[in-house]
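Quick notes on the structure that follows.
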Amino acid sequence: NLDDKEYLEYLVQMGESLTLEFKASAIYSFDSKQNDKNLFYPIIKSICALANSEGGKILVGYHERFNEFVGIEKDGKKDNDSWERFLRSHLDAKTDKFTGTLVEFHFKKINNVTCAVIEVKRSPERISCKDLIKNDETHFYVRSGPSTKSLNFDEGLRYQEMRFDRGRRNNF
């Protein structure tokens, strides 16, 4: 049974993969050194992609380019609960209420900062994600190796048949 520090170091050592994604933050941009109101979206995309694929984890608070644990404190939320509620409200708005049932948040301390490990279960049904800007446009995200991809309509149908329908005939 690993302590928080060992567990987080183990995740980083494993590296990004089909089932593991790293994000530096949900609000604060380390590039522009200020808050970015759209920074939550890559996390929501990754949640959808993991749920549509094999499930997995998103480690938030680890900056890959800096190779350092930066923590979620920079996002400016008063505590872990309000940080989680912030992401869950965006998840509900961009997907649906069902998606939230597939997601668990775990908070781990390392080097005096807090990281969030978002655990995503594999979904029994296809999850679509609304576009960041145009809410009437949806995307179908999946994991492809260590990255998240948006599938077009035909690719999405083929993936759905392979991953969700398995022998169940759809009458289109």
Side-chain angles (χ1 to χ4, degrees), residues 1-31 35-130 132 139 141-150 163:
N1 209 1
L2 303 175
D3 68 19
D4 285 4
K5 185 178 188 317
E6 291 168 327
Y7 177 69
L8 292 171
E9 287 170 348
Y10 167 74
L11 289 180
V12 168
Q13 218 170 26
M14 286 181 49
E16 286 192 327
S17 67
L18 185 65
T19 57
L20 181 60
E21 173 79 28
F22 301 146
K23 298 290 179 201
S25 61
I27 299 168
Y28 181 79
S29 167
F30 286 88
D31 293 337
N35 289 350
D36 175 343
K37 66 179 175 47
N38 296 330
L39 214 51
F40 73 89
Y41 193 72
I43 297 174
I44 303 302
K45 267 172 42 175
S46 294
I47 290 172
C48 294
L50 286 167
N52 281 329
S53 303
E54 299 304 313
K57 295 178 176 73
I58 304 165
L59 168 57
V60 185
Y62 177 72
H63 197 300
E64 247 185 316
R65 276 198 330 263
F66 299 170
N67 190 21
E68 136 183 39
F69 292 99
V70 293
I72 59 171
E73 285 82 359
K74 282 262 194 219
D75 283 336
K77 294 295 176 193
K78 69 179 192 316
D79 56 26
N80 296 346
D81 278 354
S82 56
W83 190 87
E84 178 177 344
R85 279 196 306 276
F86 167 80
L87 270 177
R88 283 190 179 277
S89 70
H90 280 297
L91 186 63
D92 288 352
K94 290 296 177 189
T95 61
D96 55 33
K97 305 285 185 288
F98 164 74
T99 308
T101 66
L102 300 171
V103 178
E104 274 180 48
F105 287 72
H106 305 280
F107 296 94
K108 309 273 183 197
K109 292 291 247 183
I110 185 167
N111 310 338
N112 295 319
V113 297
T114 307
C115 290
V117 177
I118 304 170
E119 211 164 323
V120 183
K121 290 188 189 79
R122 186 176 197 261
S123 177
E125 58 192 50
R126 177 186 167 136
I127 293 173
S128 292
C129 186
K130 292 178 184 149
L132 175 61
H139 299 274
Y141 294 111
V142 296
R143 289 295 283 177
S144 176
S147 55
T148 294
K149 303 272 190 247
S150 179
R163 159 75 167 81

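Everything numeric in this text was worked out from a predicted model, so none of it was measured.
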Checklist entry - Would you say Asp75's side chain and Tyr28's backbone share a donor-acceptor pair under 3.5 angstrom? => result yes

Checklist entry - Should Ser150 and His139 count as side-chain neighbours, where that means a heavy-atom distance under 4.5 Å? => result yes

Checklist entry - So among Val60, Ile72, Asp4, which one has a side-chain contact (heavy atoms from CB on, under 4.5 Å) with Phe107? => result Ile72

Checklist entry - Is any side-chain heavy atom of Phe105 less than 4.5 Å from a side-chain heavy atom of Asn80? => result no

Next on the checklist: If you define the side chain from C-beta out and look only at heavy atoms, does anything of Leu39 sit under 4.5 Å from Ile27?
Outcome noted: no

Item to check | Glu84/Lys77 salt bridge by N-O under 4.0 Å criterion | outcome: no

Checklist entry - Going by heavy atoms in the side chains, are Val103 and Leu87 under 4.5 Å from each other? => result no

Ignoring hydrogens and angles, write down the donor-acceptor pairs under 3.5 Å from the side chains of residues 51-59, residues two or more places apart or on other chains.
| residue | atom | partner | partner atom | Å |
| --- | --- | --- | --- | --- |
| Asn52 | OD1 | Ile127 | N | 2.8 |
| Asn52 | ND2 | Cys48 | O | 3.3 |
| Asn52 | ND2 | Ile127 | O | 2.9 |
| Asn52 | ND2 | Tyr141 | O | 2.9 |
| Ser53 | OG | Ala49 | O | 2.9 |
| Ser53 | OG | Arg143 | N | 2.8 |
| Glu54 | OE1 | Arg122 | NE | 3.3 |

Item to check | Nearest heavy atoms of Phe40 and Leu132, plus distance in Å | outcome: CZ-CD1, 3.9 Å

Item to check | Any donor-acceptor N or O pair under 3.5 Å, side chains Ser89, Asp92 | outcome: no

Checklist entry - Judged by atom type as modelled, is there a donor-acceptor pair below 3.5 Å linking the side chain of Glu16 to the main-chain atoms of Ser147? => result no

Item to check | Min side-chain heavy-atom separation Val117-Tyr7 under 4.5 Å | outcome: yes

